[in-house]
There are 2 protein chains.
Amino acid sequence: MNPTGLFPESLCPIARSLDLLGQKWSLMIVREAVGGATRFADFRAIGIPSDILTKRLISLVDAGVLEKHPYQAPGERARDEYVLSPAGRALLPVLSAFVEWGTEYLPIPAGRTLESVTADTGERVQLAYITEDGTVVDQDRVTITTIQAE
Amino acid sequence: MNPTGLFPESLCPIARSLDLLGQKWSLMIVREAVGGATRFADFRAIGIPSDILTKRLISLVDAGVLEKHPYQAPGERARDEYVLSPAGRALLPVLSAFVEWGTEYLPIPAGRTLESVTADTGERVQLAYITEDGTVVDQDRVTITTIQAE
DNA sequence: CATGCTAGCTTTGAAAATCCAAGCGAGATA
DNA sequence: TATCTCGCTTGGATTTTCAAAGCTAGCATG
């Protein structure tokens, strides 16, 4: 485990992911997209400078995290909307992990403000580790390890 | 969902987490600590500039992610080692989520290089969403939502 | 004592990233 | 035509990161 983190070809998937998603505002954009934001102004509202937002949207579209669709509302000019791709949706566990960690270890007086739920029933869910046969494993038993070259 | 991301008191736990962990190299340091790195030179080996590493170690210790212990090997001067705190260990799902996402969506010719396993048995595990009673839920059904103020 | 070694920083200046504020352009409407 | 508004674009300031060199302190050795 000794990658440079400077090239997308890094051997480490964490480093590769952070190369794309580690710049300021990128994951916040994904978070907003999960929450239903699609238009430039939606994302802009989180406080990101517009030139940075432009750059991040291009980068996330290029990487396949967001998809850009032209649309035109009646009476308005043609614009683009940005929606999560399947790869973008697959970032949900990353966001959920930050929600759970931030809620527990960086608490605020307002308490819990976000949570992961099933969209259809609104049932609360949380992340856990499971084995191949679906058995839940205690997180204290888990580590991350290098796969031996075969 | 409209936080500024500029203050640790942000209402959004993702924003709060990213305020601490979103700076370049922070999560890579946590990753190295998970892999057993404890000393300055261990972390330095991933390619992080030494002044940045110094700053990040201080920040992660201040935030309670890492704990700094003085130690002295025979024949060497007093030094510090940095080990994961419980809060640091609780970041494992964040790292695992990046491992899984990067492995699948940013593949490299070398294929899979990292995985999450049980430390005692080496059994492969992965992240999943579970309900309160431990039932595994399909990720496609999950979203992240704001908790209504009570 | 002096000297050497090395790890963990510290410093300096350059490069890159982010930010702020203003401006521009294009498409719609009147 | 003029006006409005949204999605950028621009210019300069500020902050962050980087590379390279240097410094310091504690250990060992002679």
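First the proteins, then the strands, lettered A, B, ... as listed; each starts at 1.
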Set of side-chain hydrogen bond (donor to acceptor under 3.5 Å, both in side chains) partners for B/D138, sequence neighbours left out: none
pair B/Y82-B/D42: side-chain heavy atoms closer than 4.5 Å: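 No, every pair of side-chain atoms sits at 4.5 Å or beyond.
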Min side-chain heavy-atom separation A/Y129-B/Q126 under 4.5 Å: no
With a cut-off of 3.5 Å and sequence neighbours excluded, list every side-chain donor-acceptor pair involving residues 43-55 of chain B.
from, atom 1, to, atom 2, distance (Å)
B/R44, NH1, B/I48, O, 2.8
B/T54, OG1, B/S50, O, 2.9

B/W25 side-chain N/O to D/dC18 phosphate OP1/OP2 under 4.0 Å: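 Answer yes for this pair, as a side-chain N or O of B/W25 is under 4.0 Å from OP1 or OP2.
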Can you check nucleotides 23-26 of chain C for protein contacts, nitrogen or oxygen pairs under 3.5 Å, and list what you find?
from, atom 1, to, atom 2, distance (Å)
C/dA26, N3, A/R77, NH1, 3.4

Using atom types as modelled, flag every donor-acceptor pair under 3.5 Å from a side chain in residues 102-114 of chain A to any protein atom, sequence neighbours excluded.
from, atom 1, to, atom 2, distance (Å)
A/T103, OG1, A/V99, O, 2.6
A/T113, OG1, B/L11, O, 2.4

Interatomic distance where CD belongs to B/E76 and C1' belongs to C/dA7 [whole Å]: 9 Å
Name the pairs: protein N/O against N/O of nucleotides 10-17 of chain C, kept only if under 3.5 Å.
from, atom 1, to, atom 2, distance (Å)
C/dT10, O4, B/S50, OG, 2.9

Salt-bridge contact B/R39-B/E81 (side-chain N to carboxylate O under 4.0 Å): no
Within residues 63-75 of chain A, residues whose heavy atoms come under 4.0 Å of DNA chain C: A/Q72, A/G75
Sugar-phosphate only, base, or nothing, as touched by A/R44 at under 4.0 Å among non-hydrogen atoms: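 The answer is nothing, as A/R44 stays clear of every strand by at least 4.0 Å.
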